Every structure is written in C-alpha cells, then in structure tokens.
Amino acid sequence: MASSVDPAPPAPTDPAAKYPPPPPETPAERKGRLVALFVMPFLIVTMMYATYMGTMHSPHARDLPVAVVGVGAGVQQFADDLQESSGDALEVRTVDTLPEAQELIRDQEITGAIEVPVAGASATIHRAMAAGASQASLVDKALTPAAVAEGWQVETVDVVPLADGDGSGTLVLFAAMGMMLAGYVPLSTLLSGLPNLLRLRRFLPLALGWGAFTSSLIWLILGPIVGAVDGHYPLFLGIGTLAVTAVGVTQLMFTKVLGPFAVLLGMLLWVVFGMPASNLAMSIHSMPEMFQWLHGVLPLPAAGEALRSVLYFGGAGVWKHVVTLAVWLVAALLLAALKERRSGELIIAGPLYTAPDAPLPALPGGPVARYRTRLVAALMFPLTIVVTVVTMMSFSMHEPDVNDLPVAVVAAHAQAEQLVAGLEPELGEYVDLSIVEDRDEAADLLRGQEIVAAYVLPQAAGESPTLVTAGGAGASQQTVVTQMFTPIAAASGSELALEDVAPLSENDVNGSNSLYVGMGWIMAGFLFFAVMRGGAPDLTRTRQLLPLVAGWSVGISVWLWFLFDVLIGAVNGHALEMIGYGSLTVFAVAWASAVLTRTLGLFGLIPVMIVVMLAGVPASGGGLSLYMVPEFFRPLADILPLPAAVDLARSVVYLDGTGVGGNLLVLGIWGVVGLLLNLLVVDPWLSRKNAQPPAPLGPKYTPERGSKQKPVSRDEDGDKERDALAPVGASPVGTA
C-alpha cells in the first residue's frame, strides 16, 4: 500500500538558498556599526595607556617587606626608626641571624634585609636580583639612606643572582606575556571564521594541544635562540600549557557571554591589568593597592611568578601560582559548559551559520574562504603574533649592554686629551669620548641628544669635577654614566658634583612618560585601520576614509592629552603642542599602516606592529637607553615613527623643543607616502575587476529578548543539528 507521507524535500544546493544572506543594512544599523568601530579602538587605547601611565609614571615603595638583621636594643631601635620614618613605604621586621634573613629572601617572604654592622664594619644590604631589578632597586633606595644617616658604609649582596643570559630579569615577563597572547588572541579568529570549533568538547583538546605547542615554542625562542634561559623545558611545558589553556578556556567563556566584545574584557584582564599586577617588570610593592591584590588573582602574574620560582628560587611558592591558574581553568570550564547548556552553541553577534562550508572569512573583513584556508589562518595569525612579540621583546631587552655611550670631556684641549687617553683603556668599550672646550656648547649637545653626559674638569685647585646630564633625555643612561664617572672622580681625590640640565618632573620618576605618550599615539593610528578592516570592509576608497581618519586623529589626541595631563597628571602643560603633534602622529601612522591592512587584511597588522611598535620601542630610548640595546636598533631611531613620536613628547616637555623639526619631518614622510600609496596603489587594487568582495557581515545570531530556548545552528549538510532544540530567537541581521 502506498504511503501517504510526502517525501522529504531535497537538500538545497544553491549556497544562497542554503545560507541566505542578511537583509540590507538600514541607515540606523550602518550608523550604529560605524560608531561601534570608533568605540572599539578608543576603549583599547584608553584602558591600556590610562592603566600603564596611571600606575607607572610615579612609582614609589608601598608596604615593601624588609628585615633588619641583628640582636640587641640598638638593632630594635634602628628597625623602629626605619619603620617610623618610612611611613607606609616599608613593613619592617627584625631577624636574629643572617641565614634566617636570606632564607626569607629565597622564600620571597621579604624583599631584602640590612645587616646592622658591629663597630668599624659596613652595613650590608641583601636582596635578590632574580626577584626583579625594579624590586632590588626599591630595596636599595629604601635602606641605603637609612644606613648612610647612621654614618655606616654600605655594601650590597645579591642573594639570588640572575642567569647570565637574563641580565634584565625580564625573561619571565616575556614568557608569561607570550602565554597570555597565545591564550586569548585566537578566539576572535575562531569566532569569525571557525565558530564550529567553539563547542567546548571540541575546543578543550585543541586548547591543550595549542598550549603545549606554544609553550614549547616560547621556550625555544627564549632558550636556544635568544639564550635567556638554559634548560628547564619540562617546567616551561607544564606551566605554559596550564596557563595558555586556562586563559583560552576563560576567553571562550567570555566569548560565549559577550560575543566579539569579549576581546576587550580579555585584553583588560590578561594584559592591561596583568602587566602592572605581575611583579615582573616593576615591583608590585610600587603599585597601587588594587594591583597588589590582583597579583594573587590574575593569570599573567601567576604564570610569570611560577616560572620565576622554578627558575631561580628552587620552586619556593610555586604551587600557589599553579593553583591560581588551575582555578581559572576549572571555573571557566564549568561556566562555559553551563552557558552552552542553557543558551546553546551559537554565540551572540557571532555567525548564525557555523558549518565548515558556510560563507565565512579566514579573518574578519576578508573574503569568503575555504574551510582549510580558515584553519590555516586561525593557526598562523595568533602564532605569528606570539612568535613576533616574544622574539622582538627578548632580543632587544633581555640583556642590556652599554656600548658607545657618547660622553664629552669639557676642558682645555690639552687637559681633556690627557684624560681621554687615560680613560680609553678602561672605558673605551663602553663610552665614546669626545672633547668639548665650552660648557655651554656641551649643554646644547645634551639637549640635542648628541651626547648623554659632559664630564667637566675642575679649572682651579679645590674644585670638584662635574658630571652634566639631562634626565629628561633618558633616566637609564643618566644612571649608568653617573655610576661610571663617580669612581673616576674619586680616583682623583674628589667627590663628583652632579648637574642636571633637564631634570625629570616629580610625576615622571623613571622618565617613561614620553614612551607611553608616543605608544598611545602610535597604537591609536594603526588600530584605526585594523578595526575598520574587520568591521567596515565596504569602505574601500581613500576619499571615504580621509575625513574619518582626520576626525579620529584630532579627537583621540585631544582625549589622550586630557587623560595624561588633566586626569592622571603625568604630563603637565604644553597642551597645544601635544595635541598637534599627536594628531599628526596618529594621522601619519594610520595611513602608513593602511597600505598593508587594506591590501593584506588583518595579516597585514603583523608587519605593521613590527615596524611601527615592536621595533620602535627599543629604538626610541624611551625605556632603556638606545646605547643599551642591540646596535641593530640605532639606525632605526632616525626613521621609525615611534622614536620620532617619543622624541617629540620628550623634547617638548624637557628639552626646549630641540629636534622637533626632524621628528616632524619623519612623521610627515610616513604620512605623505602612506596617503599617496593608498590613493594611487591600494584604491585601484581594491577596485580591480577580479577583486573578491568581503564576506557578508551577517547573518549574525541575535537572541530575542526574554527567549530561553536554545538556538539552532546548521551542520555540515545544512540541516538542523540533531542535538539542538527547536529554533528560537535567532534572527539574521546585517550588522557586525
């Protein structure tokens, strides 16, 4: 008997029928999308540099735990006086014996100790460089003046020294930062191009394998390639796999809740808050109280401190950091599973179609790509970022080495020539000595940054030699040259007099404010086109983008000046110059970066980051002196935009505007060349006949308000998935 049931209709073969495109955008939707694209880079730049500038422009000791070693009433009195005079800067305890104090330092329960001398001896300060150069410096600055006030000579002992290849103590920072990037960067790519991999049961094994692979790669870079670590691969593998997986799964949970905007929360927690809370670059005891609390909570401090513990401190305290990472992983797994169970597998504002053959791009803003291409992009994009950042940071800063520091000897030519001849055998490798006969000329050379110091010989009996420096031109080089010439003056029987022709302000203790100002301008420039490429690929003509870039450049520069000056108080005055120079920098970098991001898509962001940011940091002299980084970076100081931007901020604030013209010329060339290439090369390339259009920005999953049903996704055959419930509030929309 014939069946009365109608046969099932054949599966659609037309892609448009299988995956219907979104309806056209309404004017309101388009306006909302463009507003969101301005909001995204604004929030990224603001939260990053507000935090960095706010926490690091004027660090000082807070609750620094130290010990006074010795017994007796005199020792206790010294400890009490030290505590009272320090206010809340120190937490002072007394310890009877030196071995006990050194054990506390190795267990990282205290940061340093001062051994009270017996009659005729010197006071000895004990601290661990392996706990961070910043922390060791804090200990020295806190304890040395107190000892000098007692009339004691002071010696220092490094209880736990750094390894030979880790001269700056920043190995753990580079490693932990790479792990954070490996954990959270892939999620945006997966959401836009491979949403089918965001199901927890698929994502977790991939995250574990990715964590093991990237951790091994980070060890390979820092170990055999750069030489900053010797061995310890199993420890890197274990800690790194846990850290990357914990961050990756947590970022997955954020993505399931927030969709594409999860990148902001991830960046805030893993990098923006993680860096000042890490205790890896600057001591946590110089950070505001909130960051001292976050140090025991966030993954970046946990990963870095775990590595530091096993590399330098025999594993002391490592398990508490491992537990922190494990808690993040377990909590994120549970919450992600709960979210997936309650809301289904589609993600708000993520693709409505998730099958491998769905019309999705390899990277946001790109054309529709095959599934295999999307897999390769999802692997190579975050991998290249991790490798690039870790390699560039470690290569340029893992082992500062002074070389060819330009110093002028100021005296009559014959007298100066005699001193130079005497100093060359001892300092020739480190210092490039020249002769200047006029002190005012030497001061001009200092402001022009052609020399870093001038050693002025006394002209009459009884006078002391004077070292003239410019703190505003670089705090690190000022410190180094002072350390070099103090014993030289002492050898002549004199005490070295110091003169600073451009002293740092009280709100710029380390001289790093100019670096953060320049980095803020540069990031605002290249982020603009990165976000536009991903969210507005329909804007393909320079004439469409020109007014948007101009408005963004001025607006963000005004905001950054207001943030740095009025709200934080780190950069005082010079409003018109800072806004004008900032606008030019943002505009120039935006158009220069657009050449690559508009033609190569988001993959172009990687060479842009290398050129305008990563290579520019060591070449700028904004952190370490240019004469303390590899020689490779010195020629780049005269041609890259970040050194020009940093020098603009530095010159305006400290150096009477010296050198501004050359820096403006550098930025102008970058901007004009970038704009012409966009107009004459990129526009015709994007408008060519065989150019692939960008993938549709939708349909996106937007749950209906109040709906509790699970959404429907489509499997490889275009049918409803067997484990999905009836369709509910899922509507295709055209907005990103």
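Start at 1 with the first residue, then count along the sequence. Bear in mind the structure is a predicted one, so any value in this text is a computation, not a measurement.
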Between [atom1] of [X] and [atom2] of [Y], what distance do you get to the nearest 0.5 Å?
| X | Y | atom1 | atom2 | value |
| --- | --- | --- | --- | --- |
| Glu305 | Leu280 | CD | CG | 5.5 Å |
| Gln449 | Leu626 | CD | CG | 9.5 Å |
| Met129 | Asp158 | CE | CG | 6.5 Å |
| Trp152 | Thr124 | CH2 | OG1 | 11.0 Å |
| Thr144 | Ile114 | OG1 | CD1 | 7.5 Å |
| Met613 | Ser620 | CE | OG | 10.5 Å |

Does atom [atom1] of [X] have more than 12 heavy-atom neighbours, drawn from other residues, nucleotides or ligands, at distances under 6.0 Å?
| X | atom1 | result |
| --- | --- | --- |
| Glu437 | CD | yes |
| Asp438 | CG | yes |
| Glu424 | CD | yes |
| Asp404 | CG | yes |

So do the side chains of [X] and [Y] get within less than 4.5 Å of each other, counting heavy atoms only?
| X | Y | value |
| --- | --- | --- |
| Met56 | Tyr516 | yes |
| Val646 | Met519 | no |
| Val517 | Leu560 | no |
| Leu527 | Ile44 | yes |
| Val509 | Pro59 | yes |
| Ser283 | Asn279 | yes |
| Trp670 | Val611 | yes |
| Val407 | Ile451 | no |

Measure from the side-chain N and O atoms of [X] to the backbone N and O of [Y], and report whether any donor-acceptor pair falls under 3.5 Å.
| X | Y | result |
| --- | --- | --- |
| Ser58 | Asp508 | no |
| Asn513 | Val571 | no |
| Asp166 | Thr170 | yes |
| Arg62 | Ala89 | no |
| His232 | Asp230 | yes |
| Ser593 | Ala590 | yes |
| Asp656 | Val652 | no |
| Ser557 | Gly582 | yes |
| Ser464 | Glu495 | yes |
| Thr388 | Ile385 | no |

If only side-chain N and O atoms count, and only distance matters, is there a donor-acceptor pair under 3.5 Å linking Ser625 with Gln477?
yes

Would Thr469 and Gln478 count as having a side-chain donor-acceptor pair, cut-off 3.5 Å?
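The criterion, which ignores hydrogens and geometry beyond distance, is satisfied for Gln478 and Thr469.
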
What's the shortest heavy-atom distance between [X] and [Y], and which atoms?
| X | Y | result |
| --- | --- | --- |
| Ala136 | Ala128 | CB-O, 4.4 Å |
| Gly178 | Val390 | CA-CG2, 3.6 Å |
| Tyr49 | Met523 | CE1-SD, 3.8 Å |
| Leu64 | Ala142 | CD2-CB, 4.4 Å |

Is there a side chain to side chain contact (heavy atoms under 4.5 Å, CB included) between Leu405 and Tyr430? Walk through the geometry before answering.
CA-CA 6 Å; Leu405 205 66; Tyr430 309 104; over 6 Å; no

Verify side chain to side chain contact (heavy atoms under 4.5 Å, CB included) between Val386 and Leu217, making sure each step is shown before the conclusion.
CA-CA 9 Å; Val386 171; Leu217 197 58; 5.8 Å; no

Decide side chain to side chain contact (heavy atoms under 4.5 Å, CB included) for Val402 and Val431; before the verdict, give the C-alpha distance in whole Å, the side-chain angles of both, and the deciding distance to 0.1 Å.
CA-CA 8 Å; Val402 178; Val431 176; 5.8 Å; no

Does the separation of the ring centres of Phe529 and Trp591 fall below 6.0 angstrom?
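Yes, ring centres under 6.0 Å apart.
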
Side chain to side chain contact (heavy atoms under 4.5 Å, CB included) partner of Leu457, the single match among Thr466, Leu419, Val410
Leu419

Could you give me the CA-CA distance, side-chain angles and deciding distance for Asn403 and Tyr627, then say whether side chain to side chain contact (heavy atoms under 4.5 Å, CB included) is met?
CA-CA 6 Å; Asn403 196 1; Tyr627 303 99; over 6 Å; no

